[in-house]
Structure formats: structure tokens, C-alpha cells
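Below: the structure, in C-alpha cells.
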Amino acid sequence: MGRFVSAFVPSTLQRPALACVNAFIRWLRKIRYLGGRYYCPLCRSRLRTFVPLIEQGYIRRENKRCPVCSSLERHRWAWGYLKERTNLMNGKPKKMLHVAPERELADLFQRISALTYLSGDLASGRALEQMDITQIQYPEGTFDIIYCSHVLEHVPEDRKAIAEFYRVLKPGGWALIVIPISREQTYEDTAVVDPQERRRVFGHPEHVRHCGWDYIERFQAAGFAVTLEKPSAYLNQAQMRRLGLKEEPLFFCEKK
């Protein structure tokens, strides 16, 4: 549908036209999957089911992706935490850096009127700016908020990236960081560089480590005061099931 619009609609009208098309598609999906068993807080859809997450042609996880907005468990948990447990929505002006932006969350962040939003990604064209998070092109104390999800496990020099997050945050600012925890102790091997070997060793062709619970020490070493947050601290099992959540941690990192 997007290609059709690009081919036949003048470029000055493409964005509004695509927005209308996407809104219509979402409406159709809301009708198709309408139900009362599940709920997606990102697109505010009441659903009869979540759908499988399919990557590279095979099902990674059953019943985890929102069929309307494509959010995953970590997006729904992070959005709920950001809204209810942080100062993101208090109406005061803030500047935010969103690393490797997920469309599901980027759209919501950009609707917050008091928020000056910037996204960055190492790959060109995937964000508002091309950015290497181990060398962020902004001065110290630029941002009030950083959101970074499922990125650091891809970054060989992750400690440099964490130190850069600390540097560019204002005093009193905070970063919400999500990483996949798969073991007690972090394991990495810099000799593993082949994508297929990385898939075998780390479970993903672009991952450079297995992250452990000791990862909190890397944030603390950069100067952050860290709070480890889990959904079960705020939600009961029925609520977690309705939102399609799993017990995935968030690292709330404050620059005191």
C-alpha cells in the first residue's frame, strides 16, 4: 500500500496520505482482532489474541506481538513504566534521545507536546540522525531522558556507550535501558565475529554477548544510580497476562 501511495501521490502529500492509509489499516486490524482477553496500551486496542513474533521466516515466540501496532512485550512494559513511574508525562519541557527507535514508541514520544524528541541510529535513514552511541555528537548535559532498548548487546564497546549516556544527560536526568538478560554472569568473546558463529554462541547473528544480572555494575561504573524494575513489582499475574508481558527487567539509571 505504501508503494502505491509513493508511486501515484505527489511527494508533498505522501506523508498525510500514508498517515491516513496506516490509520485505516490499524482500524481494520482493531476490528479483526477485537476481543476482551488482551489489551495493548500503545495503540489502546482490546484484543482477542496477540500474534506470533516471526523473524527470518520462523516463529520466535507465540502470542506476543500486537496485531494492530506490532508492539512486543518489552514495548508494552516500558511504555507503562514510562507513563506511570517517571516524569515523562508531567508537562514540563524536556529533551529526549531515543536510541535505535522503535516505530511503536517513537510515534507516541513525538506526540508529547512538552518533549523535544531526537532519535539516533548507527545506520543511516533509520532515525532522525545517524549516531554512534560510543561517540555521541552532543555536548555534556544535553538530554533529560534517554531511552535505549535491546541495543547494548549489539555494541562491542558497550561501556563507552554507557559512559556517553551519562555524559550527555543533565544532572537529575535519567536513562531507561532494556537489555535481554539470559544468565547470571555476562559472557562475551571478542574473537567471535562471524554472524553464524555469533548466532550459535550468542543466539543472534548481531549479538556480541550474553547479558547477565551483573550488567548493573556496568551502569554503576559509569556513575549511574541504578534501580532494577520488573513488571511483577507493579502488576499481578492476571494483569501481566492481559498485557502479554514476561518478567523482563528495566534498568532505571539516574544521573544524580
Subject >> side-chain hydrogen bond (donor to acceptor under 3.5 Å, both in side chains) between H98 and Q110, intermediate numbers included >> reply: CA-CA 11 Å; H98 185 185; Q110 290 179 87; over 6 Å; no
In Å, rounded to the nearest 0.5 Å, how long is the span from [atom1] of [X] to [atom2] of [Y]?
{"X": "Q220", "Y": "C253", "atom1": "CD", "atom2": "SG", "value": "9.0 Å"}
{"X": "R46", "Y": "R242", "atom1": "CZ", "atom2": "CZ", "value": "5.5 Å"}
{"X": "C148", "Y": "I162", "atom1": "SG", "atom2": "CD1", "value": "9.0 Å"}
{"X": "R26", "Y": "I31", "atom1": "CZ", "atom2": "CD1", "value": "14.5 Å"}
{"X": "R65", "Y": "C40", "atom1": "CZ", "atom2": "SG", "value": "11.0 Å"}
{"X": "L115", "Y": "K94", "atom1": "CG", "atom2": "NZ", "value": "7.5 Å"}

Dump the intermediate steps for side-chain contact (heavy atoms from CB on, under 4.5 Å) on Y117 and L97, then the final yes or no. CA-CA 6 Å; Y117 174 84; L97 173 61; over 6 Å; no
Distance to the ring centre below 6.0 angstrom and angle to the axis at most 45 degrees; does that hold for [X] and [Y]?
{"X": "K255", "Y": "Y166", "value": "yes"}
{"X": "R29", "Y": "Y33", "value": "no"}
{"X": "R76", "Y": "Y81", "value": "no"}

Give the cluster check for [X] versus [Y]: same hydrophobic cluster or not, with ILVMFWY residues linked at side-chain heavy-atom distances below 4.5 Å.
{"X": "V151", "Y": "Y215", "answer": "yes"}
{"X": "V51", "Y": "L245", "answer": "no"}
{"X": "V99", "Y": "L250", "answer": "yes"}
{"X": "I145", "Y": "V226", "answer": "yes"}
{"X": "F165", "Y": "I179", "answer": "yes"}

Just wondering, do [Y] and [X] contact through their side chains at under 4.5 Å, heavy atoms?
{"X": "I136", "Y": "M131", "result": "yes"}
{"X": "L176", "Y": "L82", "result": "yes"}
{"X": "T227", "Y": "F251", "result": "no"}
{"X": "Y147", "Y": "M96", "result": "yes"}
{"X": "H150", "Y": "P180", "result": "yes"}
{"X": "R32", "Y": "P67", "result": "no"}
{"X": "T86", "Y": "F252", "result": "yes"}
{"X": "R126", "Y": "P101", "result": "no"}

Practice item. Go through S232 and E247 one step at a time and tell me if the side-chain hydrogen bond (donor to acceptor under 3.5 Å, both in side chains) criterion holds. Key: CA-CA 7 Å; S232 60; E247 190 74 323; 2.3 Å; yes
Nearest heavy-atom neighbours spanning [X] and [Y]:
{"X": "E164", "Y": "I133", "value": "CB-O, 3.3 Å"}
{"X": "L42", "Y": "S71", "value": "CD2-CB, 3.9 Å"}
{"X": "S124", "Y": "Q130", "value": "CB-OE1, 3.7 Å"}
{"X": "C43", "Y": "C69", "value": "SG-SG, 3.6 Å"}
{"X": "D107", "Y": "R111", "value": "O-CG, 3.2 Å"}
{"X": "L243", "Y": "P41", "value": "CD2-CD, 3.9 Å"}

Exercise. So which residues get pulled into L34's cluster when ILVMFWY side chains under 4.5 Å apart are joined, directly or through others?
Worked result: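 When side chains under 4.5 Å apart are linked, L34 ends up in no cluster with other residues.
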Please answer whether the main-chain N or O of [Y] pairs with a side-chain N or O of [X] as donor and acceptor at a distance below 3.5 Å.
{"X": "S45", "Y": "L47", "result": "no"}
{"X": "R85", "Y": "E229", "result": "no"}
{"X": "Q135", "Y": "D132", "result": "no"}
{"X": "N87", "Y": "N90", "result": "no"}
{"X": "E206", "Y": "H154", "result": "no"}
{"X": "R198", "Y": "R209", "result": "no"}
{"X": "T134", "Y": "K160", "result": "no"}
{"X": "K230", "Y": "L228", "result": "no"}

* Evaluate side-chain hydrogen bond (donor to acceptor under 3.5 Å, both in side chains) for D144 paired with W174, printing each intermediate quantity in order. => CA-CA 6 Å; D144 300 280; W174 50 269; over 6 Å; no
Next on the checklist: Taking CZ in R37 as the centre, count heavy atoms belonging to other residues, nucleotides or ligands within less than 6.0 Å. Is the count above 12?
Outcome noted: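 Check fails, neighbour count at 12 or below.
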If you count every heavy atom of other residues, nucleotides or ligands that lies below 6.0 Å from R183 atom CZ, does the total exceed 12? yes
Open item on the list: Checking V201 against E197 for the side-chain contact (heavy atoms from CB on, under 4.5 Å) test, could you report, in this order, the C-alpha distance in whole Å, the side-chain angles of both residues, the deciding distance, and whether it holds?
Closed with: CA-CA 6 Å; V201 175; E197 185 65 4; 3.7 Å; yes
- Query: Does the pair T186 and R218 meet the rule for a side-chain contact (heavy atoms from CB on, under 4.5 Å), with working shown?
  - Reply: CA-CA 11 Å; T186 299; R218 304 194 184 201; 3.4 Å; yes
Run the salt bridge (Lys or Arg N to Asp or Glu O under 4.0 Å) test against E153 and tell me which residues pass, sequence neighbours left out.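 Here no residue qualifies.
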Practice task
Kindly indicate, with the supporting measurements, whether the criterion side-chain contact (heavy atoms from CB on, under 4.5 Å) is fulfilled by S119 and E129.
Solution key: CA-CA 6 Å; S119 60; E129 289 190 10; over 6 Å; no
Assign the ring pair [X] / [Y] to parallel, tilted or perpendicular, where the plane angle (0 to 90°) is split at 30° and 60°.
{"X": "F219", "Y": "F224", "result": "perpendicular"}
{"X": "F50", "Y": "Y38", "result": "tilted"}
{"X": "W77", "Y": "Y234", "result": "tilted"}

